[in-house]
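As structure tokens, the structure follows; a few thoughts come after it.
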Amino acid sequence: MDASQTNVTLRSLVQTARLQLQTHYPAPEAGALADAMCRHLFGYSRTEVVLYGDRTVSDTAGWQQMLDELMRDRPLAYITGEAEFCGLRLHVGPDVLIPRPETEELVDWILRDNPEGPTSRRMLDIGTGSGCIAVAVAVRRPAWHICACDVMPGALATAARNAEDIHADITCLSYDILSDTPFPAADSLFDTIVSNPPYVTEAQKAEMQPNVLLYEPHTALFVSDGDPVVFYRHIARFGRSHLKPGGRVYVEINETLPDQTRQMFLDNGFGDVRLRKDINGKWRMLRAGL
Ligand code: GLN
């Protein structure tokens, strides 16, 4: 069937897409992508396609275009412009990484350590990207004052838009953590500093999937093989002078460098440094207190 023909049934449209996507993606992912396409373009869930599959659609040009993009490895989140994170629907674009499930685990660690209470806390998210961490914490801890910074103007604009959509009062600031310049806020002391910085080494590039390599922003992903913990060094130094007493730093880390990253915090005066694995059993998170 040619998907660009008019008046095709939903059932055959989804089935054809599923088969085509299976030539490029593992079968479960192909099925999920075809279902997501249908939900996004026509508003029908998977169950509704089963129930109302005989209904026809006349304009399938958008459908074919989306299918072509998926066949070229473009991530669905960039095609639709949205991604889910911690139960929230967020805007994403080519300037920001698509939020990952492991980052939800980092948010969870912060929330568990800081139960909801009457005290307002100050948090800074360094390299906020889409703003996913800042926004997810803001929703669950509405009394907190949250700052989010990034070096990329496009990322800051996306983070600000996501904050606005959920009516969170997040201060978005342009700041380069590698610059060692003064932080541009009147109050630059925080209880919590969090970051998911670039940490994938050039050597690890070879193992990455084309959907990541071709479409996600390299400045948000990669560090040099010669200094793979460069961001942690700057975050640790920043943390030492910008954490309130009892404050903590939470970072996502490269699963192959847990000891080196931990050492970086110890060398910079942090005494209580803990590592944590993600649900896939990989060293993925670190928490450091002074
Ligand atoms: N976990 C991401 C990936 O493997 C990388 C995120 C990052 O560099 N901060 O694609």
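Whatever order the structure lists ligands and atoms in, that order sets their numbers, starting from 1.
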Thinking salt bridges, do Arg248 and Asp191 make one under a 4.0 Å N-O criterion?
no
Proximal candidate to atom 9 (N) of ligand 1 [heavy atom criterion; set Pro197, Ser195, Pro198]:
Pro197
Does ligand 1 have any atom that is closer than 4.0 Å to a heavy atom of Gly127?
no
Judged by modelled atom types alone, do Tyr250 and Asp113 share a side-chain donor-acceptor pair under 3.5 Å?
yes
shortest atom 1 (N) of ligand 1-to-protein heavy-atom contact is with Tyr199 OH, 2.9 Å
Below a 4.0 angstrom heavy-atom separation, can you tell me which part of Glu102, side chain or backbone, both or neither, approaches ligand 1?
side chain
Relative to the heavy atoms of Asn196, which atoms of ligand 1 are at a distance of less than 4.0 Å?
7 (C), 9 (N)
Measure the acute angle between the ring planes of Phe265 and Phe270, then classify it against the limits of 30° and 60° as parallel, tilted or perpendicular.
perpendicular
Pairing of Glu105 and Lys277 as salt bridge, 4.0 angstrom limit:
no
Which ligand 1 atoms, with their elements, are less than 4.0 angstrom from a heavy-atom of Leu97?
6 (C)
In terms of atom number and element, which parts of ligand 1 are under 4.0 angstrom from non-hydrogen atoms of Met208?
10 (O)
Does a donor on one side chain and an acceptor on the other come within less than 3.5 Å for His24 and Asp73?
yes
Enumerate the atoms of ligand 1 whose separation from the nearest heavy atom of Val200 is less than 4.0 angstrom.
5 (C), 8 (O)
Evaluate the ring planes of His218 and Phe222, with Trp represented by its six-membered ring, and classify them as parallel (under 30°), tilted (30 to 60°) or perpendicular (over 60°).
perpendicular
min-distance protein heavy atom vs atom 10 (O) of ligand 1 -> Arg100 NH2, 2.7 Å
May I ask you to decide whether Arg161 forms a salt bridge with Asp165, counting only side-chain N to carboxylate O separations under 4.0 Å?
no
